[in-house]
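Have a look at the structure below before the remarks.
In listed order, ligands and their atoms are each counted from 1. Quick note: numbers below take in every heavy atom, side chains included, and nothing from hydrogens, waters or symmetry partners.
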Amino acid sequence: MMFKLSTLLAIASSVIAAEADGSPFKPPSVEDAAVYARTLVKRESLTNVNTISHSGSSEGKPVSFVEYYADCGDGNPVLLAIDMSTSYKNYASGSPATLSIRVGDHPLNEHVNPKYPGSRPNSVAGSPRINLRGSFVNVTTEELPQLEACFLERHRDARWWLPGNPIHSSHFVKFE
Ligand SMILES: *[C@@H]1O[C@H](CO)[C@@H](O)[C@H](O)[C@H]1NC(C)=O
């Protein structure tokens, strides 16, 4: 994940600091915010995909749906785009997209270490959460086998929806 300084500053200002000394509102340094962000994206595996509706009674309104993702090494979330899903239809119609991830965004049956750097014990609002800006790009044929295996390691039940399945057309994307 190649963070630009401006992005990191935005992250730093949006993370509620949880300093050991108990001061609630001191923002973390840019370096610490980057550590929190990378840890969060690496550990969790569910993200809200936020888009703007392009048709129907919700036209012009923001909508947000949870999707599976996996961090497969470079920090750019890998997602399985189901082409008929609202999020991807909105994106294909020109909507911008952001991803929201917070501590606890993983399947119920998966154990993920809840102790995060920068988190305040027993406080959801005092724990890392992030909003990522970027765009979806198709994964290349070369990287597909490795990314698919990595994705399925986190989301076994997604095997029914892999590209080529007979029900819904789908393809792997990265959110860069
Ligand atoms: C990404 O891949 C899908 C499925 O193969 C294809 O429909 C779409 O046009 C591709 N998008 C781009 C930007 O190449």
Side-chain angles (χ1 to χ4, degrees), residues 1-12 14 33-34 36-110 112 128-176:
M1 183 150 41
M2 307 292 263
F3 282 125
K4 284 189 296 198
L5 185 62
S6 58
T7 311
L8 287 171
L9 290 171
I11 293 166
S14 68
Y36 305 165
R38 285 169 182 274
T39 305
L40 186 63
V41 171
K42 183 75 194 167
R43 264 190 218 174
E44 303 297 345
S45 61
L46 299 175
T47 179
N48 272 69
V49 177
N50 313 303
T51 56
I52 306 289
S53 290
H54 271 250
S55 60
S57 56
S58 298
E59 186 170 352
K61 295 193 169 61
V63 291
S64 183
F65 298 99
V66 73
E67 296 283 348
Y68 293 174
Y69 83 88
D71 176 353
C72 295
D74 64 3
N76 293 317
V78 173
L79 300 95
L80 181 57
I82 309 291
D83 295 317
M84 56 90 64
S85 75
T86 301
S87 302
Y88 293 106
K89 279 200 299 202
N90 287 344
Y91 187 76
S93 304
S95 168
T98 62
L99 305 191
S100 300
I101 306 168
R102 61 176 179 163
V103 166
D105 274 343
H106 53 268
L108 289 175
N109 60 356
E110 190 181 21
V112 172
R129 55 245 169 93
I130 193 173
N131 189 250
L132 298 172
R133 298 188 297 258
S135 46
F136 292 109
V137 295
N138 284 351
V139 309
T140 64
T141 316
E142 294 76 56
E143 59 188 351
L144 181 61
Q146 185 253 327
L147 295 183
E148 183 174 301
C150 158
F151 185 88
L152 287 176
E153 228 168 83
R154 294 299 295 268
H155 303 291
R156 273 184 56 77
D157 58 313
R159 66 190 184 280
W160 303 109
W161 311 108
L162 292 178
N165 81 79
I167 302 166
H168 293 310
S169 88
S170 67
H171 62 284
F172 277 103
V173 292
K174 266 188 189 179
F175 193 72
E176 282 191 356

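Remark: atom 2 (O) of ligand 1 lies closer than 4.0 Å to at least one protein heavy atom. There is no protein heavy atom closer than 4.0 angstrom to atom 7 (O) of ligand 1.
Taking CD from Q146 and SG from C72, the interatomic distance works out to 6.0 Å, rounded to the nearest 0.5 Å.
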* So Y69 and V41, side chain to side chain contact (heavy atoms under 4.5 Å, CB included) or not? Walk me through it. -> CA-CA 9 Å; Y69 83 88; V41 171; 4.2 Å; yes
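Shortest contact from atom 11 (N) of ligand 1 to any protein heavy atom: N138 ND2, 2.9 Å.
Among residues two or more places apart in sequence or in another chain, the side-chain contact (heavy atoms from CB on, under 4.5 Å) test is passed with N109 by P107. Here S170 pairs with L80, I82, P163, N165 under the side-chain contact (heavy atoms from CB on, under 4.5 Å) rule; sequence neighbours left out.
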